[in-house]
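Just so it is clear: chains get the letters A, B, ... in the order the sequence lines come, proteins before strands, and each one is counted from 1.
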Protein chains: 2
Amino acid sequence: MVVEIVTIGTELLLGHLVDTNSAHVASVLADAGVDVYLKHSVGDNATRLESLLREALERADGVVTTGGLGPTVDDLTKDAVAASVGTTLEMHEPSLVAIAERFKSFGRTAPIAENNRRQAILPKGSIVLENPHGTAPGFVALRADGKFVACLPGVPREMKPMLAERLVPWLAQRGGLQDAIFTRTLHTVGIGESDVDNRIEALFRTLDNPKIAVLAHEFKVDVKIMAKARDGAAASALIAPVETELRARIGDGIFGIDAETLEGATLRRLAERGQTLGTAESITGGAIADALVRVPGASQSFRGAIVAYDNAVKTSLLDVDEGLLREHGAVSEEVALAMARGACARLGVDLAVASTGIAGPTGATDTKPVGLVYIAVVSRTGKASVRKLTLPGNRDDIRRRATVAALSLLWNYLDKEGSGAPPRT
Amino acid sequence: MVVEIVTIGTELLLGHLVDTNSAHVASVLADAGVDVYLKHSVGDNATRLESLLREALERADGVVTTGGLGPTVDDLTKDAVAASVGTTLEMHEPSLVAIAERFKSFGRTAPIAENNRRQAILPKGSIVLENPHGTAPGFVALRADGKFVACLPGVPREMKPMLAERLVPWLAQRGGLQDAIFTRTLHTVGIGESDVDNRIEALFRTLDNPKIAVLAHEFKVDVKIMAKARDGAAASALIAPVETELRARIGDGIFGIDAETLEGATLRRLAERGQTLGTAESITGGAIADALVRVPGASQSFRGAIVAYDNAVKTSLLDVDEGLLREHGAVSEEVALAMARGACARLGVDLAVASTGIAGPTGATDTKPVGLVYIAVVSRTGKASVRKLTLPGNRDDIRRRATVAALSLLWNYLDKEGSGAPPRT
């Protein structure tokens with residue numbers, strides 16, 4: 001099946017917005033075995049959209065669009081889509097009910113506003129794609145010969161689940177797809193990219209299906225296994241022996257697969273050991289805690305954080321000695337360790353991780369440049385680990401990298417500690 | 001002048017790469033007064049590229065492409081471009097000399113490799129766009145009727161200067177450019193989208209240049225003023241009276257313009273008043289503090305945060321009464337207020353914002369559903385404000401919305417407090 005992608009929005013043509021949607025749609029369609037040969041962006045203009053869609057339907061089996069479904073522009077988008085497949089619009093009653101129910105769930109009792117009613121008007125004979133994350137439903141408009149225009153919302157958090165959970169299954173049951181690409185990703189931390197490369201190079205050269213690829217992120221390296229196969233079972237049979245071989249070669253550094261995150265793996269390991277965790281944050285300003293709390297069930301191990309941005313708070317709430325601050329400065333190994341120890345005591349946790357550093361643009365000195373960061377991990381039993389980093393980039397980059405570095409150090413600390421008896425006393 | 005943009009590269013169609021080039025080109029062309037009605041991405045495929053270019057030249061005065069000029073694929077790109085304007089390729093001697101000189105400047109003395117020689121082969125009669133940042137020159141291929149295909153490299157650091165310093169001046173001297181588009185965005189908070197719509201609707205209908213557009217985000221609504229004008233001064237003259245009128249109609253809810261963020265505006269206002277701020281976070285888990293610390297110079301007002309994810313930490317570090325937790329539960333108006341008061345005292349700040357809620361997927365009860373969130377703002381002088389929200393979405397959505405809601409409530413609290421004498425005592 002060949003599909004073209006059309007992203008809709010005048011913002012895209014003015015360059016006010018980078019089109020990330022079409023890359024996401026392209027990637028999901030490729031994984032589903034759909035071929036994409038062309039992508040387009042068009043403004044909120046019915047005439048141009050209609051003729052673009054008509055031309056695309058001559059070349060391809062269908063079109064997937066994103067955007068153009070907001071309350072102010074959806075009329076023109078839906079008019080153009082309906083015209084391109086040779087039909088007109090009508091009210092889709094079940095969608096109207098769904099919209100009413102969504103508003104009721106927010107506690108709104110007023111009648112549905114006209115512009116929200118209009119969201120339920122769709123091309124005749126459309127297949128509706130429900131939108132559990134927003135009011136505007138997506139839909140697939142069908143041309144008499146079976147070619148189609150599938151319209152998804154532009155808001156990524158509404159578009160992505162609708163694509164994965166509604167549109168791809170509909171495309172799959174229509175048939176005509178190529179072998180799909182199935183992937184499994186092994187996530188590692190604490191091993192450099194070139195080290196990973198060296199360990200797997202010999203294997204890499206012998207493989208055709210599945211293929212493997214190495215993708216480096218900050219402090220993390222992924223190894224992706226990609227198999228072309230008819231279905232999931234056939235893909236698993238191809239992937240499993242390669243995964244076993246990779247695990248043998250890479251070893252300890254693997255913290256999880258596929259959707260698993262470093263913070264998720266860390267919390268799972270802590271929960272297995274019955275240990276509790278807290279953070280003491282200066283440069284990261286709560287971002288380490290935020291990453292941990294993002295994981296469902298975080299409360300099983302994560303207790304809390306003290307964000308001591310001001311030195312007075314480092315003293316009053318983390319018991320960092322004023323003399324230590326005077327002697328070594330807030331950005332120092334000594335203060336990072338003292339912060340972590342203070343968090344262990346004040347939060348009553350088994351393990352604490354602390355961050356202190358200079359994010360810039362101001363605050364640097366001759367001996368302490370922007371990007372200097374210390375991360376410490378301390379356990380209640382007194383074991384400690386500290387790491388000095390010099391991180392590149394602007395304020396946002398440095399703070400983001402410091403957060404990932406803290407989670408990495410924490411994971412490596414837990415990994416080295418082994419999985420013996422829980423140290424909780 | 002109307003131009004279409006074509007980005008070339010198979011990785012764009014596989015979604016392995018987000019197309020940031022076309023947004024940059026679109027934005028620069030808009031600023032130069034060129035109208036862009038369509039953008040396209042195509043793979044490294046000569047047939048599809050040629051037919052895409054032919055169709056684009058029927059609709060527009062010209063096409064600007066990026067990519068497809070690397071050593072492995074440039075033959076097919078240049079073949080397709082030449083064919084689309086009805087010509088063939090030939091060696092462009094001055095470009096060959098330029099390539100040789102560039103290699104010499106790197107200290108290479110060997111003869112130019114065949115694939116680098118090929119970079120100097122261009123469509124007959126092309127205008128060459130020199131590339132001071134790489135070997136492959138760009139070029140403008142001309143059709144007999146004066147329509148053109150301008151080809152830029154795909155590497156952003158080569159493409160951007162070539163676009164700004166070579167192509168835009170060439171377009172300008174050709175003439176036929178429109179006025180450029182200049183924008184100013186007013187950011188509001190605490191007013192619903194439909195309320196903003198109502199306040200500006202009458203104005204909206206009377207305007208042609210500048211135009212205005214309303215863009216809703218969570219808890220925030222932007223009003224964008226877009227003026228077509230010859231230059232910045234002419235644009236300001238068009239925008240200023242509309243901005244004044246919009247400010248009169250929308251009033252207090254406007255917190256900033258253009259690149260200003262809600263957290264930036266909040267910190268600026270606090271700094272003006274000499275007030276300090278802290279947070280007490282449960283459901284947001286440090287995300288409010290993180291958003292504030294992201295602002296350069298946050299330390300002028302922001303002191304720290306206590307993330308009390310566990311109830312024991314709410315008691316021990318925020319002095320929330322255990323009886324209050326038992327009677328009302330952690331997710332309650334009473335506990336939100338007590339957390340904010342505790343943060344004021346423990347962090348020694350003038351103002352504190354607190355969050356408590358149920359992010360899911362577990363933790364809901366009959367009376368407290370997933371998405372129930374309380375936000376409290378309390379000042380050291382005892383003034384307090386609390387808001388109950390029922391937020392839709394999954395765990396990530398709810399936590400993100402709670403963070404924006406907390407910043408919004410804080411801003412509205414500061415806004416209502418007026419700009420009188422600083423309450424610090």
Side-chain angles (χ1 to χ4, degrees), chain A residues 12-20 22-28 30 36-43 45 48 52 55 72 105-107 113 133 157 281 285-287 289-290 292-294 296-299 302-310 312-313 316-317 346-348 361-362 395-396 399, chain B residues 12-20 22-28 30 36-43 45 48 52 55 181 194 214 281 285-287 289-290 292-294 296-299 302-310 312-313 316-317 346-348 361-362 390 392-393 395-397 399:
Chain A
L12 296 168
L13 296 179
L14 294 171
H16 293 169
L17 198 69
V18 170
D19 172 21
T20 55
S22 75
H24 178 81
V25 174
S27 154
V28 170
V36 175
Y37 294 146
L38 284 167
K39 295 192 317 187
H40 317 270
S41 299
V42 60
N45 176 295
R48 279 192 282 271
L52 180 66
E55 287 159 21
T72 52
S105 78
F106 292 165
H133 302 276
R157 83 193 136 68
E281 308 189 37
D290 182 42
L292 291 163
V293 172
R294 216 173 289 149
S299 58
F302 180 72
R303 290 290 174 266
I306 295 165
V307 179
Y309 205 57
D310 189 40
V313 179
S316 68
L317 288 181
R346 289 295 195 108
L347 296 165
T362 59
R395 183 177 179 90
D396 283 345
R399 295 188 60 246
Chain B
L12 296 168
L13 297 180
L14 293 172
H16 293 170
L17 197 68
V18 170
D19 172 21
T20 55
S22 76
H24 178 81
V25 174
S27 155
V28 170
V36 175
Y37 295 146
L38 285 168
K39 296 194 314 188
H40 317 270
S41 298
V42 61
N45 176 297
R48 279 192 283 270
L52 181 66
E55 287 160 20
I181 296 172
S194 56
V214 176
E281 309 189 39
D290 182 44
L292 292 162
V293 172
R294 215 174 290 149
S299 59
F302 180 72
R303 289 290 175 267
I306 295 165
V307 178
Y309 204 57
D310 189 39
V313 179
S316 67
L317 288 181
R346 288 296 195 107
L347 295 165
T362 59
T390 311
R395 182 179 180 89
D396 283 345
D397 297 332
R399 296 188 60 245

* **chain A contact via B:Leu317 - which portion, at a heavy-atom distance below 4.5 Å** => side chain

* To do: Would you mind checking which part of B:Asn45 comes under 4.5 Å of any heavy atom in chain A, side chain (CB onward), backbone (N, CA, C, O), both or neither?
  => neither

* **Residue among B:Gly15, B:Gly304, B:Ala308 with most heavy-atom pairs under 4.5 Å to chain A** => B:Gly15

* To do: Anything under 30° is parallel, anything over 60° is perpendicular, the rest tilted; go ahead and classify B:His40 against A:His40.
  => perpendicular

* Asked: Where on B:Glu55 is there a heavy atom nearer than 4.5 Å to chain A: the side chain, the backbone, both, or neither?
  -> side chain

* Taking B:Gly393, B:Ala23, B:Ala298 one by one, which has the highest count of heavy-atom pairs under 4.5 Å against chain A? -> B:Ala23

* To do: Look at A:Leu52, A:Val18, A:Val42, A:Leu38 and state which one has the largest set of heavy-atom pairs under 4.5 Å with chain B.
  => A:Leu38

* With a 4.5 angstrom heavy-atom cut-off, which part of B:Ser299 approaches chain A: side chain, backbone, both or neither? -> both

* Sequence neighbours left out, what passes salt bridge (Lys or Arg N to Asp or Glu O under 4.0 Å) with B:Asp290? Give chain and number order. => A:Arg399, B:Arg294

* Structure fact -> Of the listed A:Val28, A:Val307, A:Thr20, the one with the largest count of heavy-atom pairs under 4.5 Å with chain B is A:Val307

* Asked: Counting heavy-atom pairs under 4.5 Å to chain A, which of B:Gly43, B:Ser22, B:Ala289, B:Ser194 comes out on top?
  -> B:Ala289

* Structure fact -> Separation between CZ (A:Arg157) and CG (B:Asp396), nearest 0.5 Å, reads 11.0 Å

* Structural part of B:Val313 lying under 4.5 Å from a heavy atom of chain A -> side chain

* Structure fact -> Ranking A:Ile306, A:Leu12, A:Leu14 by heavy-atom pairs under 4.5 Å to chain B gives rank one to A:Leu14

* **A:Tyr37 versus B:Leu13, closest heavy-atom pair with distance** => O-CD1, 3.2 Å

* Structure fact -> In terms of heavy-atom pairs under 4.5 Å with chain B, the winner among A:Pro296, A:Ala30, A:Ala312 is A:Pro296

* Residue list, salt bridge (Lys or Arg N to Asp or Glu O under 4.0 Å) with A:Arg395, at least two apart or on another chain -> none

* **Among the listed options A:Val293, A:Val36, A:Asp310, the residue most often paired with chain B at heavy-atom distances under 4.5 Å** => A:Val293

* Using a cut-off of under 4.5 Å for heavy-atom pairs, which of A:His24, A:Arg346, A:His133, A:Glu281 has the most such pairs with chain B? -> A:Arg346

